[in-house]
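Reading through the C-alpha cells given below for one structure.
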Amino acid sequence: QKNINHISVSCPYHNRMQTLADVLIIYGGLGQSIVFCSTKVEANSLLLSEKIASKIEVMHGDIAQNQREVTLRRFKEHKFSVLVATDVAARGLDIPNVDLVIQVEPPKDAETYIHRAGRTARAGRAGTCITFWTMKHKQTLNMISHRAGVQFHPIGIPQPEDVIRATSRDSIKALKDVNESVLPLFDAAAEELIALSDGDAKQALLKALAFMSGCHKEALASRSLLNGQEQQITFQIDLK
C-alpha cells in the first residue's frame, strides 16, 4: 500500500454522479480505472449514466462467468477505460496496469478497503484510491483509516476549471500518437483557423483546445466545494 495515494471526497448523494464523472477525467485521465459499487443496481446505474463520458463496462453477480471473462480481457487490452464492479465479481482480479480505484462509498470493513485499493499500484507502480463519503460514513472512514493504517487526503469537489485543465492535459498526450502522414490533410483548415484569429496562431490553438474540451459555448459556473452545487461558493471561517 506504500505506493497508493489515498484520497477522500465528501460528496452528497445527489451530486455523486457528476463528481464521479469529473474525478474520472481528472485522476483517471487516459489510464485504466476501476469503480467499486456495493450493489448491482448501483453498478448498472453508472453504466447507464449520461454524465460519464468514458467508455465503461460492468461486472457483477448477475453477469454470466463467460461474459465476465470477456469483459476482463477487454479491459486488460484497453478496449475500454473504466471497469465498474461489485466485490462479488472483483475477487481475484489480476490487472497490472490500473491507475485509479474509486469507491463510491466506504466499505463496511477495512479488509474490503485494502482488497479494493490493492487493485492499483501493482508491480511497483504508483496508484490512486479515491473514496466518496457523506457524514453518515465518517465513523466508518475513521475506522478504516485506523485499521488499514492509511492516511486519507481530503479534497473538495472538483471545479469546472480542474476538469478543463485535465481535458487539455489528456488532449496533449493524445496528440503524441497522431500519425504525421495525415497532417497535410489539415493544412488548409489550419490556415483558415489562424486567419479567423487575425493571424494569431496561439489564439487559434487556444480556440481549438477549448472546442476539444467541450467548454467552448458558455462561461464556466463555479461549484460549492462542499456539495457540488453550481453558483455557490464555499467559505471557511477560522475562529481564533
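Atoms considered below: every heavy atom in the structure, side chains included; atoms not considered: hydrogens, waters and symmetry mates. Note that this is a predicted model, so its numbers are computed, not measured.
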Worksheet item: Looking at residues at least two apart in the chain, or sitting in another chain, which of them share a side chain to side chain contact (heavy atoms under 4.5 Å, CB included) with Leu205?
Response: Leu209

Discussion item. Starting from Leu47, can I reach Met17 by hopping between I/L/V/M/F/W/Y residues whose side chains sit under 4.5 Å apart?
Written reply: yes

Discussion item. Any side-chain to backbone donor/acceptor pair from Asp99 onto Gln32? Under 3.5 Å, distance only.
Written reply: yes

Worksheet item: Are Thr140 and His137 close enough, and set up right, to give a side chain to side chain donor-acceptor pair (under 3.5 Å), and what steps lead you there?
Response: CA-CA 5 Å; Thr140 302; His137 301 121; over 6 Å; no

Discussion item. Under a 3.5 Å distance rule, please check whether Thr19 uses its side chain to pair with a backbone N or O of Asn15 as donor and acceptor.
Written reply: yes

Worksheet item: Short question: side chain of His146, backbone of Met143 - any donor-acceptor pair under 3.5 Å?
Response: no

Worksheet item: Stepwise, does the side-chain contact (heavy atoms from CB on, under 4.5 Å) test hold for Leu100 with Ile34?
Response: CA-CA 6 Å; Leu100 173 66; Ile34 298 179; over 6 Å; no

Worksheet item: Taking NZ, NE, NH1 and NH2 as the nitrogens, is one of them in Glu105 or Lys136 under 4.0 Å from a carboxylate oxygen of the other?
Response: no

Worksheet item: Looking at residues at least two apart in the chain, or sitting in another chain, which of them share a side chain to side chain contact (heavy atoms under 4.5 Å, CB included) with Lys176?
Response: none

Worksheet item: Does Arg68 use its side chain to pair, donor to acceptor, with the backbone of Ile63 at less than 3.5 Å?
Response: yes

Worksheet item: When Ile, Leu, Val, Met, Phe, Trp and Tyr are grouped by side-chain heavy atoms lying under 4.5 Å apart, directly or through other members, which residues fall in the same group as Leu183?
Response: Leu175, Val178, Val182, Leu185, Phe186

Worksheet item: Got a donor-acceptor contact below 3.5 angstrom from the Thr112 side chain to the Lys108 backbone?
Response: no

Worksheet item: Of Leu20, Ile155, Ile102, which is the lone residue that meets side chain to side chain contact (heavy atoms under 4.5 Å, CB included) with Val9?
Response: Ile155

Worksheet item: Would you call the rings of His6 and Tyr113 parallel, tilted or perpendicular, where under 30° means parallel and over 60° means perpendicular?
Response: tilted

Worksheet item: So, Ser49 side chain and Ser45 main chain: donor-acceptor pair closer than 3.5 Å or not?
Response: no

Item to complete: With sequence neighbours left out, write down each residue that passes side chain to side chain contact (heavy atoms under 4.5 Å, CB included) with Glu111, or none if nothing qualifies.
Response: Asp109

Fill in: Hydrophobic cluster membership, Met135 vs Ile144, 4.5 Å side-chain cutoff
yes

Fill in: Check: Glu42 side chain, Ser38 main-chain N or O, donor-acceptor pair, under 3.5 Å
yes

Discussion item. Check whether Ser145 reaches the backbone of Val150 with its side chain - one donor and one acceptor, N or O, closer than 3.5 Å.
Written reply: yes

Worksheet item: Under the 3.5 angstrom rule, does the side chain of Arg116 hit a backbone N or O of Val101 as a donor-acceptor pair?
Response: no

Worksheet item: Between Asp87 and His115, is any side-chain donor less than 3.5 angstrom from a side-chain acceptor?
Response: no

Fill in: Contacts of type ring pair (Phe, Tyr, Trp, His ring centres under 6.0 Å), residue Phe132, not counting sequence neighbours
none

Discussion item. Could you work out, with side chain to side chain contact (heavy atoms under 4.5 Å, CB included) as the rule, every residue matching Arg74, not counting sequence neighbours?
Written reply: Glu57, Val70, Lys79, Phe80

